[in-house]
Each structure stands twice: as structure tokens, then as C-alpha cells.
Amino acid sequence: MDSKEFEQLYKRYAPMLYRTAYRMVKNDADALDIVQDAFIRIFNSFTKFRNEANVQTWMYRIVMNLCYDYFRKRKKVLFVSERDISDYDNNQQLPSDDNVEKIADLENQRKQNLQIALDKLTLRQRTVFNLRIYDELSYEDISKIMNIKIGTAKATFFQAVEKLKIIMKEMEKNELR
Amino acid sequence: MNCDRVKQKLVFYVDGSLSETERNEISQHLKQCDTCEADYRTTVEMVESARKMKIPEHDDMFWNVHYQMTMSRIEQKHHRRTLIKTLKLASGVIGVLLLFFVSRSYIEKSKPENFVSMPVGISDVAYNILYNILPSDKLPIPVEQLQNVVDLLEPEDHMIILTELLR
Ligand SMILES: [Zn+2]
């Protein structure tokens with residue numbers, strides 16, 4: 001593969017693939033590692049996929065597979081790291097009497113709730129949700145990336161959104177109490 | 001469209017993947033139904049705050065360094081692969097060399113006590129054959145010179161000389 005061509009591909013897609021990986025692993029260093037591993041794979045088999053209609057879908061697929069590998073490897077330490085994250089979040093919440101900050105707090109609270117809710121989705125639900133909401137991919141592309149049927153992708157997205165709504169509603173109810 | 005049907009389609013109404021007909025039908029229903037309208041608002045709010053979620057940004061310079069690092073890793077892997085390939089290729093040659101040394105040490109072990117050790121070379125084997133078969137007084141040339149002569153010969157010549165000598 002021509003290195004100039006590869007460099008162009010890199011500069012064009014690395015930031016996008018990084019965001020995708022980050023939303024899955026929620027960690028800067030690990031997301032960057034995944035992007036690096038993905039591009040090594042892309043480099044090694046690019047000639048095979050040069051003529052593929054959708055290079056982008058193929059690259060997403062590589063990144064998602066690496067994210068899943070990451071979760072498989074991390075399964076044992078997940079419990080510890082989850083606790084670490086919530087400790088970190090609690091430290092970020094500083095008490096405030098200012099009204100403007102209270103509104104910002106409400107907004108932040110909502111974002112935090114959503115983050116917690118997203119963690120409660122299954123890996124498949126979270127993947128479909130991320131690819132649809134952030135990467136704004138079509139259900140057809142999502143089905144190709146995840147190797148599932150279009151109908152399954154749609155149903156999974158529906159389940160993900162419904163689950164998020166229920167969890168969020170539940171959390172807001174508890175806060176009002 | 002009834003409420004149940006709207007509930008099934010609402011998510012896709014929000015993400016914009018419905019056909020125009022379905023979109024219009026749902027819009028009509030939302031105007032008349034407060035329950036579905038509330039559900040619609042919750043979904044939109046949730047999706048909007050999800051979209052607002054921040055992730056770290058890296059600038060072009062950062063990605064340039066990241067690219068260089070990836071390239072050096074690709075090169076490292078490439079060098080490693082080349083090395084392994086070379087080793088695999090070399091193992092064929094090593095195999096031949098090993099065979100040579102094993103056979104040589106076998107010859108050395110089986111040599112008689114008065115055997116004169118000679119420098120290692122392709123002609124070694126030929127020399128050993130000559131030296132061990134012929135009694136020293138029957139050698140055509142002095143032992144000291146034999147090696148030099150044999151060294152000048154091609155391997156196939158050894159057999160010719162040998163048969164000539166034994167005739
Ligand atoms: Zn309704």
C-alpha cells in the first residue's frame with residue numbers, strides 16, 4: 001500500500017474512529033490504542049479492501065471488533081474500574097448555592113444519569129445506540145458492521161432507547177424524593 | 001395510527017429513519033394525544049443530551065504524532081516478519097550445515113588413532129577417503145602436500161582420482 005494514500009486515510013478517519021472507540025471504552029489512552037491497532041490491521045489488509053464499496057463500514061467493523069476484544073480482556077477488572085469511575089464522579093460534584101450553577105448542575109446531573117444509564121445497556125444495545133446517535137450511520141451500515149440483520153439492528157435500537165428512558169425516569173424520581 | 005403503533009415507531013420518528021407517510025401519520029397523532037406527545041418529548045430530550053456528551057478532542061498535530069507512532073509500529077512488525085521469514089529460509093541452509101557437521105564429527109569419532117587431522121573443507125571427506133584407504137607408502141605424493149592438491153580439485157574430481165589410484 002502506498003504510504004501517502006495510507007497517511008491520507010489516517011488523517012481523514014482516525015479522529016472519527018477515535019470518537020467511536022472512546023464512546024465504547026470511555027478512556028482516552030485505550031481509545032487511542034484501539035485506533036492504532038485498527039490502522040495496523042487496515043494497513044495490513046488494505047489492498048484486499050481497496051475496491052470495497054464502503055471502506056468506512058469496514059473500518060468501523062475493525063474498530064468495533066477491537067473494542068469487543070478490549071471488553072473481553074477487561075472483564076475481570078471491570079468491577080474495580082466501575083467503582084473507580086463513580087468515585088471520580090462524586091469528587092467532581094461540588095456543592096453550590098448559586099442559581100446559575102444550579103441549572104448547570106441539573107444539566108450535568110442529566111448527563112451523568114445518562115452515562116450511568118448507558119452503562120446499564122448490553123454491549124450490543126450500546127453499540128447500536130452509539131453508531132446510530134453519534135456516528136449517524138444507517139441501519140444498513142450498522143447491520144453490516146455488527147454482522148446482524150437490519151431488523152435486529154432496528155429492534156436493538158428501540159430496546160436501547162426504551163431502556164434508557166426507563167432508567168433515566170427512575171433516577172430522576174429518586175432525586176426528587 | 002393508534003398509541004401502541006406510535007410507541008413502536010416513535011424512536012424511528014425521532015432518529016429520522018421513517019418514510020414520509022409514516023412521519024406525517026405520527027405528527028398528526030402527536031397533535032391529538034398528550035401521552036404520546038409527552039413520550040416524544042422525553043425521547044427527544046434523552047437523545048439530545050446524549051448528543052451533547054463531550055469527549056476529548058485532539059488536534060491535527062496530535063494526530064500527526066499518533067500517525068508516526070503507528071507507522072513505526074507497522075515497520076517494527078514488518079522487520080520482525082522479515083526476520084522470521086529469513087530465519088525460516090535460513091533453516092534450510094542451517095539444516096544442510098548441521099548435516100555436514102554431524103557427519104564430520106561421525107567421521108572424526110570413527111577415525112583410527114594415527115589419523116592425521118586435517119583442516120575442515122569440502123575436500124575433507126575426499127582426503128579422509130584417500131588417506132584411510134591407501135597405506136602411506138603407497139601415496140602418490142607426500143602427506144603434507146596431499147591436502148593442497150585435493151583443495152584445488154572439484155568434488156567430482158575426487159572420485160576420478162580415487163578410482164584411478166585404486167585401479
Ligand atoms: Zn397516543
Side-chain angles (χ1 to χ4, degrees), chain A residues 1 3 6-15 18-23 26-29 31-33 35-44 107-115 117-118 129-130 132-134 136 138-140 154-155 157-162 164-169 172, chain B residues 3-19 22-23 26 35-82 84-85:
Chain A
M1 178 185 182
S3 69
F6 183 67
E7 190 176 347
Q8 279 172 1
L9 198 81
Y10 204 100
K11 302 274 160 79
R12 191 171 161 203
Y13 291 108
Y18 163 77
R19 286 193 289 272
T20 307
Y22 184 88
R23 284 188 192 104
K26 291 174 193 147
N27 174 320
D28 185 47
L32 288 169
D33 282 350
V35 172
Q36 191 166 77
D37 289 345
F39 272 100
I40 290 170
R41 284 195 194 179
I42 290 164
F43 185 90
N44 289 334
E107 180 81 17
N108 283 335
Q109 189 62 52
R110 179 179 227 111
K111 274 185 205 163
Q112 263 182 36
N113 285 354
L114 188 66
Q115 197 57 255
L118 277 168
F129 183 82
N130 287 351
R132 184 71 192 136
I133 293 296
Y134 300 107
E136 296 178 337
S138 68
Y139 287 107
E140 196 188 341
K154 280 187 178 178
F157 183 71
F158 178 85
Q159 285 164 1
V161 172
E162 290 305 306
L164 287 175
K165 282 197 288 192
I166 292 164
I167 297 166
M168 297 275 284
K169 204 182 268 176
E172 271 164 35
Chain B
C3 290
D4 275 349
R5 197 101 179 94
V6 170
K7 199 168 167 49
Q8 293 294 314
K9 297 267 178 188
L10 205 55
V11 167
F12 307 107
Y13 179 72
V14 173
D15 87 350
S17 60
L18 289 185
S19 69
E22 284 178 309
R23 236 181 11 243
I26 290 177
T35 320
C36 288
E37 166 70 15
D39 193 8
Y40 167 70
R41 290 210 174 281
T42 319
T43 312
V44 170
E45 265 173 28
M46 198 275 290
V47 167
E48 273 177 359
S49 58
R51 284 212 170 107
K52 270 188 218 153
M53 265 194 311
K54 290 229 162 68
I55 52 168
E57 282 280 338
H58 297 296
D59 59 12
D60 289 350
M61 215 160 81
F62 178 92
W63 284 116
N64 199 34
V65 174
H66 195 262
Y67 168 74
Q68 301 298 342
M69 277 161 60
T70 308
M71 279 321 280
S72 78
R73 262 189 68 196
I74 289 171
E75 272 157 31
Q76 268 174 28
K77 277 199 177 180
H78 179 74
H79 288 327
R80 221 183 123 254
R81 219 169 286 155
T82 318
I84 289 167
K85 226 183 251 174

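A, B, ... follow the sequence lines: proteins, then strands. Residue 1 opens every chain. Quick caveat: nothing in here was measured; it's all calculated off a predicted structure.
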Item to complete: Would you please indicate if the ring centroids of A:Tyr139 and B:Phe12 are separated by under 6.0 Å?
Response: yes

Discussion item. To the nearest 0.5 Å, what is the distance between CD on A:Glu7 and CH2 on B:Trp63?
Written reply: 14.0 Å

Worksheet item: Where do A:Phe39 and B:Ile74 come nearest, in terms of heavy atoms and distance?
Response: O-CD1, 4.4 Å

Item to complete: Identify which of A:Leu32, A:Leu164, A:Val161 forms the greatest number of heavy-atom pairs closer than 4.5 Å to chain B.
Response: A:Leu32

Discussion item. If I compare all heavy atoms of A:Leu114 with all of B:Ala50, which pair ends up nearest, and what's the gap?
Written reply: CD2-CA, 3.2 Å

Discussion item. Counting heavy-atom pairs under 4.5 Å with chain A, which one of B:Asp39, B:Val14, B:Asp15, B:Asp60 comes out on top?
Written reply: B:Asp15

Item to complete: With sequence neighbours excluded, tell me which residues meet ring pair (Phe, Tyr, Trp, His ring centres under 6.0 Å) with A:Tyr13.
Response: none

Practice prompt. For residues A:Tyr22 and B:Pro56, report the shortest heavy-atom separation together with the two atoms involved.
Written response: CZ-CD, 3.3 Å

Worksheet item: Cut-off 3.5 Å, side chains only: do A:Lys169 and B:Thr42 have a donor facing an acceptor?
Response: no

Worksheet item: Contact part of A:Asn130 toward chain B, heavy-atom cut-off under 4.5 Å: side chain, backbone, both or neither?
Response: neither

Worksheet, complete the sentence: Among B:His66, B:Met46, B:Arg73, B:Met53, the residue with the most heavy-atom pairs under 4.5 Å to chain A is B:His66

Discussion item. Can you tell me which of B:Thr43, B:Ile55, B:Val47 forms the most heavy-atom pairs within a distance under 4.5 Å of chain A?
Written reply: B:Ile55

Item to complete: Would you indicate whether the side-chain heavy atoms of B:Met71 and A:Phe43 approach each other to under 4.5 Å?
Response: yes

Worksheet entry | Exceeds 12 heavy-atom contacts within 6.0 angstrom, atom CD of A:Glu140 | no

Worksheet item: Taking every heavy-atom pair that is under 4.5 Å apart, which of A:Arg19, A:Lys11, A:Arg132, A:Lys154 has the most such pairs with chain B?
Response: A:Arg132

Worksheet item: A:Tyr134 and B:Arg51: which non-hydrogen atoms are nearest, and at how many Å?
Response: CE2-CA, 3.9 Å

Discussion item. Test your reading of the model: is there a side-chain donor-acceptor pair from A:Arg110 to the backbone of B:Ser49, 3.5 Å cut-off?
Written reply: no

Item to complete: Please tell me if the side chains of A:Met168 and B:Glu45 come closer than 4.5 Å, counting only heavy atoms from C-beta onward.
Response: no

